[in-house]
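Here the structure is laid out as structure tokens; the discussion comes afterwards.
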Amino acid sequence: MPLEATPNEPTEHDRDAAVAFVVEAVAQLLDVDEDTLALDAPLEAIEGWDSVNQLRILVYLERELGASLDYDRFTAAETLGALASLVADTEAAAGART
């Protein structure tokens with residue numbers, strides 16, 4: 001029997017949804033094909049990734065989530081997978097507060 005996630009921990013489904021959300025957001029904001037975005041590739045390798053677009057992505061994600069992301073963790077993220085983990089963790093924490 002699988003263990004249930006605690007209210008503060010995202011489930012596998014939550015993580016998958018966060019991956020899809022982040023990939024879609026980055027593809028849309030940077031005008032790149034979602035199929036070219038690998039979760040483990042360095043963010044700097046994404047066409048159009050720079051400090052200005054990084055902030056655009058941060059603002060977009062926070063607005064869509066309705067919650068603030070940990071800025072230090074966001075700027076330390078080196079891959080889309082790391083960004084998706086941050087989003088999933090933020091959503092789980094927000095859900096625990098409601």
Side-chain angles (χ1 to χ4, degrees):
M1 182 169 161
L3 295 174
E4 291 185 33
T6 64
N8 295 351
E9 279 184 44
T11 64
E12 186 174 334
H13 178 326
D14 296 335
R15 291 202 184 276
D16 290 344
V19 165
F21 172 61
V22 168
V23 167
E24 180 181 345
V26 169
Q28 176 184 340
L29 291 170
L30 299 183
D31 196 27
V32 296
D33 188 347
E34 286 184 32
D35 295 333
T36 65
L37 299 174
L39 292 180
D40 59 349
L43 293 172
E44 294 82 26
I46 300 172
E47 185 178 337
W49 187 270
D50 59 21
S51 60
V52 172
N53 282 323
Q54 181 182 25
L55 287 176
R56 284 181 62 223
I57 290 167
L58 172 65
V59 169
Y60 178 85
L61 294 175
E62 288 182 335
R63 186 180 66 230
E64 292 299 311
L65 291 172
S68 294
L69 296 174
D70 179 321
Y71 181 76
D72 291 332
R73 192 169 160 200
F74 179 84
T75 58
E78 296 182 1
T79 65
L80 285 177
L83 287 182
S85 290
L86 172 58
V87 166
D89 293 346
T90 300
E91 288 183 306
R97 288 191 299 266
T98 59

What pairs meet the salt bridge (charged side-chain N to carboxylate O under 4.0 Å, His left out) rule with one or both residues in residues 15-25, with sequence neighbours excluded?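 As it turns out, the salt bridge (charged side-chain N to carboxylate O under 4.0 Å, His left out) pairs with a partner in residues 15-25, which skip direct neighbours, are Arg15-Asp89.
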Return all side-chain donor-acceptor pairs below 3.5 angstrom for residues 31-45, not counting sequence neighbours, or 'none' if the list is empty.
unit_1, atom_1, unit_2, atom_2, d
Asp33, OD1, Asp35, N, 3.1
Thr36, OG1, Asp33, O, 2.6

Closest approach of Leu83 and Ala77, non-hydrogen atoms and distance?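 It is CD2-CB, 3.5 Å.
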Where do Ala84 and Val22 come nearest, in terms of heavy atoms and distance?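 What the structure gives for the nearest pair is CA-CG2, 3.8 Å.
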Can you tell me how far apart CG (Leu80) and OG (Ser85) are? Round to the nearest 0.5 Å.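 So the CG of Leu80 and the OG of Ser85 are separated by 11.0 Å.
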Let me have the donor-acceptor pairs involving side chains of residues 55-71, under 3.5 Å, with sequence neighbours excluded, atom names and distances please.
unit_1, atom_1, unit_2, atom_2, d
Arg56, NH1, Leu29, O, 3.2
Arg56, NH1, Asn53, OD1, 2.7
Glu62, OE2, Leu69, N, 2.9
Asp70, OD1, Asp72, N, 3.0
Asp70, OD1, Arg73, N, 2.9

Is it true that, when you exclude Glu78 itself, more than 12 heavy atoms of the residues, nucleotides or ligands shown sit nearer than 6.0 Å to its CD?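 12 or below, so no.
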